[in-house]
Amino acid sequence: TTSANTAVTQLSADNSNQFFGRVDEQINSRYNLFVRYSYGTRTTNAPTGADLNTFNLIPTRSQNVVATLVGIFTPQLVNELRLSYNRERFEWIGAGPGYAPGVAASLGIPGLSLNPQYQGVLALSISGFGGLSPVAAVEHLVDDISTINDTLSWNHGTHFIKFGADVSMPRNNFSAVTTPTGSLSFT
């Protein structure tokens, strides 16, 4: 049996930036408002697959906003309304050997996308031989979740009753281009 010796010749980068903001406001003696916003970006360049020298650029961006309004109707009756929105955006861009914008156009291969993410050397396969596939896929994923939550708390003597509603509206949006640079097969 044979085994392959592998070595990674590139550094794996991981860059992250975050921002948070928060406001608390007492509107009057009966109402309090709380708002928070967070924003973050992260870009990683990580090895993938059997060829550890093939790296993939993975940029992500997340945003979140929450607003809560607490109303004190009486000391025994309190309402809390919470609205939130969360968004996560993720891209996976194969950027291994052969990824070079404009390569297909310079070789005179017509009909390929002009988007720089989808350019490079095309995938090549020959029957009976190993193939070349420098860019495996480009994927985009966007997840959105909106939430509305309203609760009413009632304290009556030794009893505490809390009731309300919680509505969550998720949305997932995914697209992928599996051979963005095109492919040629010979038999």
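Predicted, not measured: the structure shown is a model, and the values here were computed from it.
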Report summary line: One should read off an interatomic distance between Asn32 CG and Ile72 CD1, to the nearest 0.5 angstrom, of 6.0 Å

Requested in this report: Could you tell me whether the side chains of Arg36 and Asn64 share a donor-acceptor contact shorter than 3.5 Å?
Outcome: yes

Report task. Please examine the side chains of Ser168 and Ile145, heavy atoms only from C-beta on, and report whether any two atoms are closer than 4.5 Å. Result -> yes

Report task. Indicate whether the side chain of Asn79 and that of Asp150 have a donor and an acceptor atom separated by less than 3.5 Å. Result -> yes

Query raised in the report: Distance from Thr41 atom OG1 to Arg61 atom CZ, nearest 0.5 Å?
Result: 9.0 Å

**Report entry** Close side-chain approach of Val78 and Leu152, heavy atoms under 4.5 Å
**Finding:** no

Requested in this report: For the residue pair Tyr39 and Ser62, establish whether any side-chain heavy-atom pair is separated by less than 4.5 Å.
Outcome: no

Requested in this report: Group every Ile, Leu, Val, Met, Phe, Trp and Tyr by side-chain heavy-atom contacts under 4.5 Å, then state whether Phe20 and Val65 land in the same group.
Outcome: no

Query raised in the report: Which ILVMFWY residues can you reach from Phe34 by hopping between side chains whose heavy atoms are under 4.5 Å apart?
Result: Val66

Requested in this report: Assess whether side-chain contact (heavy atoms from CB on, under 4.5 Å) is satisfied between Glu80 and Thr68, documenting all intermediate values.
Outcome: CA-CA 7 Å; Glu80 182 177 333; Thr68 302; 3.8 Å; yes

Report task. Kindly indicate whether the side chain of Arg87, heavy atoms from C-beta on, has any atom under 4.5 Å from the side chain of Val142. Result -> yes

Query raised in the report: Donor-acceptor pair, Thr60 side chain versus Arg42 backbone, under 3.5 Å?
Result: yes

Requested in this report: Kindly compute the distance separating CG (Leu69) from CD1 (Ile27), expressed to the nearest 0.5 Å.
Outcome: 5.5 Å

Query - Euclidean distance, Ile161 CD1 relative to Gln76 CD, rounded to 0.5 Å - result: 13.0 Å

Query raised in the report: Where is the tightest heavy-atom contact between Phe160 and Ser153, given as atom of each residue plus distance?
Result: CZ-CB, 3.7 Å

**Report entry** Side chain to side chain, Arg89 and Leu141, heavy atoms closer than 4.5 Å
**Finding:** no

Query raised in the report: How about Val35 and Tyr37: do any of their side-chain heavy atoms sit closer than 4.5 Å?
Result: no

Query raised in the report: What is the distance from atom CG of Leu77 to atom NE2 of His156, rounded to the nearest 0.5 Å?
Result: 12.0 Å

Report task. Measure up the Tyr31 and Phe73 rings against each other and bin them: parallel (under 30°), tilted (30 to 60°), perpendicular (over 60°). Result -> perpendicular

Query - Approximate separation, where rounding is to 0.5 Å, of Met169 CE and Ile148 CD1 - result: 4.0 Å

Report task. Establish, from distance only, whether the side-chain atoms of Asp144 and Tyr85 form a donor-acceptor pair under 3.5 Å. Result -> yes

